[in-house]
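First up is the structure itself, then whatever we jot down about it.
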Amino acid sequence: MVKRQAYQPILITDASHSQDDQLRSRQRRYIVMMSIRALCVVLGAILVGAKAPLLWLWLPLCAVGMVLIPWLAVLLANDRPPKEKHRIGARLRRSHIDHTPPRALVAEEKPHRVIDVEP
């Protein structure tokens, strides 16, 4: 007997990324951010050594990059995407879905029979 289902099908495009993909993405983001931090450290050292013009502007920008970027990198590396039930888009899509419950067979109703024809 084939069971009829009245729920909406799940599209593969609506599926969330696997945990491995999420972890790999967070690791890449962390490496990029920490590379930017290292660049800020090197750039700050070069600017001080070269006694660059507008040093009073560039050093605070490098210092902010050296202090804030590691903090943000750790926060973002430990952050996972929100679960589907907490996303605003999912709530809006759910409001458009038909909420009629699946129809059950009455005790007297018989399911459709499959006629098997032999050749």
**OP:** Determine whether Ile36 and Leu76 fall in the same hydrophobic cluster, where Ile, Leu, Val, Met, Phe, Trp and Tyr are linked whenever their side-chain heavy atoms lie under 4.5 Å apart.
**Re:** yes
**OP:** Look at the side-chain heavy atoms of Ile, Leu, Val, Met, Phe, Trp and Tyr, link any pair under 4.5 Å apart, and say whether Met34 and Leu75 land in one connected group.
**Re:** no
Original post:
Just how far is it from atom SG of Cys62 to atom CG of Leu39, taken to the nearest 0.5 Å?
Top reply: 8.0 Å
Original post:
Taking ILVMFWY side chains as joined if any heavy atoms are under 4.5 angstrom apart, and letting links pass through other members, which residues group with Leu43?
Top reply: Leu47, Val48, Leu54, Leu55, Trp56, Leu57, Trp58, Leu59, Leu61
Original post:
Would Val32 end up clustered with Trp71 when hydrophobic side chains under 4.5 Å apart are linked, directly or stepwise?
Top reply: yes
**OP:** Supply the atom-to-atom distance Arg26 CZ to Asp21 CG, rounded to the nearest 0.5 angstrom.
**Re:** 11.0 Å
Original post:
Which atoms form the tightest heavy-atom contact between Tyr30 and Ala77, and what is the distance?
Top reply: CD1-CB, 4.0 Å
**OP:** Verify, without hydrogens or angle tests, whether Ser35 (side chain) and Ile31 (backbone) share a donor-acceptor contact under 3.5 angstrom.
**Re:** yes
Original post:
Looking only at heavy atoms, which two atoms of Pro70 and Gly65 are closest? And how far apart?
Top reply: CD-O, 3.9 Å
Original post:
So, Arg37 side chain and Met66 main chain: donor-acceptor pair closer than 3.5 Å or not?
Top reply: yes
